[in-house]
Amino acid sequence: MQDKNDQVIARLAKLDKLREMGLNPYPHSFSRTHTSKELLQSKSDLLQSEEVVRFAGRVVRFNRKGKMCFMHLKDRFGRLQVVAAANMLQDDYEIVKLIDLGDFIGVEGSMMETQKGEFSVKASKITMLSKVIRPLPIPKEMIDADGNKTVFHEFKDIDTRYRKRYTDMALNDEVRDVFLKRSKIMQSIREYLISKDFIEVETPTLQPIYGGANARPFTTHHNAADMTLYLRVAPELYLKRCVVGGMEKVFEFSKNFRNEGMDRTHSPEFTGLEFYEAYADYNDMMVHFENIYERACIAANGSTKIQYQGKEIDFKAPWPRLTVNEAIEKYSGLKVEDLSDQEIQVELEKRNAKLDGIWTRGRAILELFEQTAEAHLIQPVFIKDMPKESTPLCKGHRDNPDLIEQFEPYANGWELGNAYTELNDPVRQRELLEEQVNRGRGGEDETHPMDENFLDAIESGLPPTGGVGFGIDRMVMLLTNQQTIRDVQLFPLMKSE
RNA sequence: GAGCCAAUAGCUCAGCUGGUAGAGCAACGCCCUUUUAAGGCGUGGGUCGAAGGUUCGAAUCCUUCUUGGCUCACCA
């Protein structure tokens, strides 16, 4: 190993000693009779029966007292004290002398209470399960009479914690909790969609043509086929092919990759969920969306209400629906319908906003919405009926030719997702995609490639369909009160040290 | 991409206007059979993020770089 400090050397010496004693410091398994949670649950029975239990975990506290030693072992459910006394353990007490903080050990013994009343395993046998050779900066904790926990010398260097997430998780319970909640959130989404008869599918991550979102892709190369491939920016175009194929209701948890900037809410790889339902429209999708969010919130927090950075947000369904124009009027008093293009531009200038690329009335209205309304959208709300310039994949509005049937759910001022009554008119679809290819990406030099195979699919018949896409990471951030996307991704990308 | 801030022992930090590196925890040795941040006595541990520069002398001042954080910009 690279850096050998005194502590590593001391642990390697203990490792040798264990081997000299004829012990395997890395045995193949250990059968537990109880986890820490199970021991606590059967506390009174076990104290009475003096049944022999087998318990294992990582040593997170150590208090040697001559020929006696108190340890706390931590498993995934919590920590529990082990009392290791020389007269009980006989030869095994030699092992106790070679234990360091961070080691995994297994104990066998009966349950007891110490003089201070702490429920503990009275060890009659100790087994080293994994000798750790690198010191773990395990903090000391003090719990006062009121049950408040104070942590001393906490492992908190942010950079190191992301780079060594295994250590971070082992030491900081709150970190592991976030990922437990993430798992519960994903599970609740999956259960909801499956209960509504959706089929979970997997579509390509490596794609010869990328699409479905206006984003810059990562590029890679397949050697044997000698072809350029892209990591997907969104699964949308493939999921629609599934609907064309008759699957009717499909969803996918999709790792998406976008070769753009990184900040508090953007990571180059992130998880999206998209689902599509044949014979449904965007109104049906709003119902699914608010149900999914409400259930996920309950799964993670046991309530529809959360605190996010001091703000209370209630995800209880149903959520209000506002059109873009209604939202602008609500928060600025401006009636967009009555304003000329000129007047809209004046309102934008008043707010120091400028439009990159080609000026169109629709894009200007969207910009005005962002300037006036977005920051106010703390409680969950659906913003719907965007100007038609917004996206080429959405169907026109049934009542207004200037609008499309798109909605974006908002909460905490964040755009949480994006959904449409999907465009299924193949002639119109081709026109819009060709326009996009010709236009390139709003003022930038890169163009969006034309996906002929996707158009062929739409030409082969997409039923009326509603679709939704949203970011799981941002959802987990909200529902676990985390401020940065790195805190909800297990192993976030870091630059090389 | 811009501005500001930070990087010192395994961990958490101190180190003033430049004088040759410090604490607590952890580690090592000894004592201790009911501890709870256990305690007592003793010992070792550092390329002060990296590279240059100024100076008799740099952790400290200057420059550049690296990594991270915050704010802003970009990004449907």
Side-chain angles (χ1 to χ4, degrees), chain A residues 3-14 60-72 79 81-89 93 96 100-102 112-118 120 122 132-145 149-164 167-168 171 212-216 233-234 258-268 270 354 356-357 363 366-367 369-370 374 383 386 389-394 406 408 414-418 441-444 469-471 483-484 486 492 494-497:
Chain A
D3 47 331
K4 270 198 179 184
N5 60 48
D6 58 331
Q7 310 214 28
V8 171
I9 291 163
R11 282 165 171 77
L12 287 170
K14 289 174 187 174
V60 293
R61 179 177 162 264
F62 219 102
N63 184 4
R64 293 174 198 279
K65 237 181 124 42
K67 292 194 164 50
M68 187 167 194
C69 177
F70 299 89
M71 289 174 275
H72 281 179
R79 42 165 73 198
Q81 181 163 269
V82 170
V83 178
N87 58 351
M88 278 290 295
L89 284 166
Y93 202 71
V96 174
D100 286 292
L101 281 175
M112 62 169 287
E113 274 183 339
T114 62
Q115 286 178 5
K116 294 276 170 65
E118 183 163 346
S120 312
K122 185 169 59 181
V132 172
I133 61 169
R134 189 175 286 284
L136 263 74
I138 295 177
K140 296 207 169 187
E141 297 178 358
M142 183 179 69
I143 296 166
D144 66 19
K149 189 163 96 171
T150 313
V151 180
F152 300 86
H153 311 298
E154 188 175 17
F155 175 60
K156 63 182 177 187
D157 183 82
I158 293 170
D159 190 19
T160 317
R161 284 178 48 200
Y162 289 144
R163 290 178 198 279
K164 300 192 175 197
T167 305
D168 189 24
L171 302 187
N214 197 356
R216 187 181 309 173
V233 296
R258 297 188 184 174
N259 204 345
E260 292 169 353
M262 291 162 74
D263 64 27
R264 173 194 285 243
T265 53
H266 295 81
S267 167
F270 63 97
K354 66 173 192 311
D356 295 330
R363 296 187 67 216
L366 278 179
E367 180 65 29
F369 163 77
E370 284 177 27
E374 207 171 72
I383 301 297
M386 280 54 181
E389 293 86 343
S390 173
T391 163
L393 296 166
C394 183
Q406 175 184 17
E408 292 182 337
W414 296 351
E415 184 193 316
L416 300 181
N418 194 6
R441 191 184 180 201
E444 292 183 27
F470 69 94
Q483 295 187 62
T484 79
R486 281 178 167 175
M494 303 291 283
K495 288 196 197 174
S496 307
E497 279 177 285

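Every chain is numbered from 1, with letters handed out A, B, ... down the list of sequences.
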Base-pairing mate for B:G52 - Watson-Crick or G-U, with both contacts under 3.5 Å: B:C62
Separation between the C1' atoms of B:A9 and B:A23, rounded to whole Å: 11 Å
Salt bridge (Lys or Arg N to Asp or Glu O under 4.0 Å) involving A:Lys14 - partner list, sequence neighbours excluded: A:Asp100
Side-chain N or O of A:Lys65 closer than 4.0 Å to phosphate OP1/OP2 of B:U33: no
Contacts of type ring-ring contact (aromatic ring centres under 6.0 Å, His included), residue A:Phe270, not counting sequence neighbours: none
Sugar-phosphate only, base, or nothing, as touched by A:Arg79 at under 4.0 Å among non-hydrogen atoms: nothing
Identify all pairs in which a protein N or O lies below 3.5 Å from an N or O of nucleotides 43-49 of chain B, and state each distance.
| unit_1 | atom_1 | unit_2 | atom_2 | d |
| --- | --- | --- | --- | --- |
| B:G44 | N2 | A:Asp6 | OD2 | 2.4 |

Partner residues of A:Asp263 under the salt bridge (Lys or Arg N to Asp or Glu O under 4.0 Å) criterion, sequence neighbours left out: none
Test item: A:Arg216 side-chain N/O and A:Glu260 main-chain N/O as donor-acceptor pair under 3.5 Å: no
Residue list, salt bridge (Lys or Arg N to Asp or Glu O under 4.0 Å) with A:Glu141, at least two apart or on another chain: A:Arg79, A:Lys149
Base paired to B:C25 (Watson-Crick or G-U; both N/O distances under 3.5 angstrom): B:G10
Minimum-distance nucleotide to A:Met494 side chain [options: B:U34, B:G68, B:C75]: B:G68
Test salt bridge (Lys or Arg N to Asp or Glu O under 4.0 Å) applied to A:Arg161 - qualifying residues, sequence neighbours left out: A:Asp168
Under 4.0 angstrom between A:Lys140 side-chain N/O and B:C25 OP1 or OP2: no
Nearest heavy-atom neighbours spanning A:Phe155 and A:Pro137: CD1-CG, 3.6 Å
Gap between atoms CZ and P, on A:Arg486 and B:U67 respectively (whole Å): 11 Å
Scan nucleotides 12-15 of chain B against the protein and return all N/O pairs shorter than 3.5 Å with their distances rounded to 0.1 Å.
| unit_1 | atom_1 | unit_2 | atom_2 | d |
| --- | --- | --- | --- | --- |
| B:U12 | OP1 | A:Lys156 | N | 3.2 |
| B:U12 | OP1 | A:Asp157 | N | 2.9 |

Side chain of A:Phe152 - closest among B:U33, B:A37, B:U67: B:A37
For A:Leu101, all residues meeting side-chain contact (heavy atoms from CB on, under 4.5 Å), sequence neighbours excluded: A:Val59, A:Phe62, A:Ile138
Any residue meeting side-chain contact (heavy atoms from CB on, under 4.5 Å) with A:Val83, in chain and number order, not counting sequence neighbours: A:Met68, A:Phe70, A:Gln81, A:Met112, A:Thr114, A:Ser120
Whole-angstrom distance between B:U17 and B:A7, as gauged at atom P: 14 Å
A:Arg61 side-chain N/O to B:A38 phosphate OP1/OP2 under 4.0 Å: yes
Between B:G53 and B:U60 - P atom distance, rounded Å: 14 Å
Spacing of the C1' atoms in B:U33 and B:A38 (rounded, Å): 14 Å
Gap between atoms CZ and P, on A:Phe70 and B:G39 respectively (whole Å): 14 Å
